[in-house]
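To start, the structure itself, in structure tokens.
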Amino acid sequence: MPDVYLQVALDVPLQRTFDYRFEGELPVPGLRVIVPFGRQLLCGVIVQVDTQFAGTAGLSVEQLKTVHEVLHDMPPLPNNVLALCRFCSDYYAWPLGQVIAAALPGAFRQPQAWQGGKELAYYAAADAAALLQHVPARARRQQELAALLAAPRSLDEIRAISPSATGWLKAWLEEGRVVEVVAPTALHGAPLTPALPELTEEQQTALTQLEAAHGYAPFLLFGVTGSGKTEVYLRAIEQRLAAGGQVLVLIPEINLTPQLEARFKARFPQERMVSLHSGLADGERTRNWLLAAQGRARIVLGTRLAVFAPMPNLALIVVDEEHDLSYRQQEGFRYSARDVAVYRARQANVPIILGSATPSMESWRNMRESRYRLLTLKQRAVTGARAPQIQLLSTQQLRLFDGLTQNAITAIRETLGQGGQVLVFINRRGYAPVLACHECGWIASCKRCTSRLVLHREDRRLRCHHCGWESPPPMHCPDCGNADLQPLGFGTQRLEETLADLFPDTPPLRIDRDNTRRKGSLDAMLQQIHKGEARLLVGTQMMAKGHDFANLQLVVVLNADAGLFSLDFRAQERLYALLLQVAGRAGRAGQPGKVLLQTRYHDDPFYPMLISGDYAAFADRTLQERKANLLPPYSTWAMLRAEAKTLQRATSFLREVRERWREFPGLHMAQPVPALMVRKAGWERAQVLISAQRRPAMQAVLRDMLETLGAEKHPGVRWALDVDPVDV
DNA sequence: AGCACGCCGACT
DNA sequence: GTCGGCGTGCTC
């Protein structure tokens, strides 16, 4: 048997694959292997099989180690998923092995065979016809078993054929004629035909277009809250399921799975559906992943990691709330599941629906330039759903009492007095210490870039994160002379105390990331709210999503301005989405809630577009601004981040890198700046913004940097590239 | 990332 | 006298 040479992708932070020798039956790419690596045994995935050693530079055949074991506990990762991983590895400048590792459930990242399927094991013929032919015609019982194994069968069913059945099974397993498959999960219930809600005219129009689509066809489903986007998804899914396909549904967060899962189960009781998200136990996630890979789960509902699940009959992708930042993985392998999903739809040649009430500028541009088809839902399909009334309270004209206007205090008192619930919402998202004059509204901005300057408290310097310009903060406001310059959003920390003082009879309940970290604590708080025990709620963005409170009549929004003038150019669209979502929390059926929005900048053009609910106008204007300033999506960005024991070391590394690549054609590299969070776990961090007008120039420089820097030694410095960064 | 090897401080 | 601190070097 001739030697085979395997290229193996390993879960190590090294920008290359590793070659191994293997003696035995020809394996296929996508299979898991256990290989010796240094002094350890690691698990990897075969990405290429050669019958001749292609010869990696400076490596002879003799130096190759031998594969320890080829594992057959999972079907080989299909070529399309491998190709998807390769694309991501290229695009996001991340080692292939680590991309593949991210695409696999935990059990398949271990350097040992997965045992979890045993007790639930089912068996089926690898090739039903071939198995039947293999069995001698006179061996009636064996013929019977072979026929049975055309579909997956449990050991119980197999034993029922004959006492010797398990023996035959064992032999066939060894010969590879029969394979072990994962147990099918129970179906959701008896088939029934639920009464379908009647579609609005808009929904019907959207659906007609979706149903007519074949091949790659991206759709932007633009629909306000309550306009019935989900019903459109369900109908489109129904059609693709009926045609025998599998459907991938991506949602932003785990918290939203139970609701949506219940709705899907009720709608498709006879279809097998699995969920895939990081909240699942390892065994369950592995089983669900396998069911998707075998084509037996027809609906896969999951968070961003699900975008990599193998699905042999993929026929439709749905990305709900496509603008949501949760689709971006923010550490390690940084990717945008929404963008990967679009690539995957093209690769699989299937339609994709990107749904949102507040689409991302990237998708909006694609729609405006006719790359995506627009499906609009303007009417509210849900009976009683009505747009909330938003009213601005100008903190310029009204006096503040510990951050609250008298009007807000009065409104809160009235609502509580009538027995209603109130949410005081603090916008912390997009928060960056942007220096402002609270008297006249002046905001420290860069004279060269028009972007906001960021106040770094450590050394009391103002810095531009786009070009690197810096200066000490001014002592007085350059416009009005006011000496009290404070970062926007300053002072919201004391809000809870202030509210407790103002409303001693209704103790405020604060809900944020910090006090809901413990498992179950969020549920307990939500219960309190539903029972009406807590009526004055203080919350951050996690309160904006998903949770509906029937008695919530008033929402007071504080500190919207921090989002309005964040240094992050994407902050406004996020603020719009956030405020729209928060506003949607208020109001009972048939009775719109009231939203009070405190702002210093009440005459900013942003607010009329928010209050009228005209997101299209806002998006078009925002896009124009982006185009005029050559900001994404009209240019492409990447962030080179470095950390070292001292900021000095990190910065000098970045300066040196900048000197070497700044002349690269079609490219601009900014000066290094300290990261927003300078110190983290004993490391000090800095970054350089790279921008290019054209994607190929960016790809070229990233590849070049990666190769060059990867081959060099930079002692004491850890660096990484972040493509399409969201935090700048 | 691991996991070695390699040279300098407080402990059985 | 050793156990172990983490600097740096390598992994087909």
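No hydrogens, no waters, no symmetry mates; every other heavy atom, side chains included, goes into these values. In what follows, chains are A, B, ... by sequence order, proteins preceding strands, each numbered from 1.
At a threshold of 4.0 angstrom between heavy atoms, the contacts of A:Phe37 include nucleobase atoms, whether or not backbone atoms are also involved. Using a 4.0 Å heavy-atom criterion, one finds that A:Leu14 contacts the bases of the nucleic acid, with or without backbone contacts as well. Residue A:Arg21 is out of contact with every strand shown, counting any heavy-atom pair closer than 4.0 Å.
Look at CZ on A:Phe18: it is 7 Å from P on C:dC12, rounded to the nearest Å. The interatomic distance linking A:Leu41 (CG) with B:dG2 (P) rounds to 14 Å, in whole Å. For the pair A:Gln15 CD and B:dA1 C1', the interatomic distance rounds to 14 Å; values are reported in whole Å. Remark: C1' of C:dG7 and CZ of A:Arg718 are 14 Å apart, rounded to the nearest angstrom. Rounded to whole Å, the distance from CD on A:Gln110 to C1' on B:dG2 is 14 Å. If you measure from atom CG of A:Leu42 to atom C1' of B:dA4, you get 14 Å, rounded to the nearest angstrom. Rounded to whole angstrom, the span from the CD atom of A:Gln63 across to the P atom of C:dC10 amounts to 14 Å. Computed from coordinates, the A:Leu10 CG to B:dC3 P distance equals 14 Å when rounded to whole Å.
Note on A:Gln40: a side-chain N or O is less than 4.0 Å away from OP1 or OP2 of B:dC3.
Residue A:Asp568 holds its CG atom at 11.0 Å from CZ of A:Arg452, rounded to the nearest 0.5 Å. Taking OH of A:Tyr20 as the reference point, atom CD1 of A:Ile34 lies at 12.0 Å (rounded to 0.5 Å).
None of A:Arg695, A:Gln699, A:Arg86 except one satisfies the side-chain hydrogen bond (donor to acceptor under 3.5 Å, both in side chains) rule with A:Tyr91; the exception is A:Arg695.
Salt-bridge check for A:Arg334 with A:Glu331: failed, with every basic side-chain N at 4.0 Å or more from each acidic carboxylate O.
The nearest heavy atom of DNA chain B to A:Gln98 and to A:Arg39 marks one nucleotide each, and the one closer to the 5' end goes with A:Gln98.
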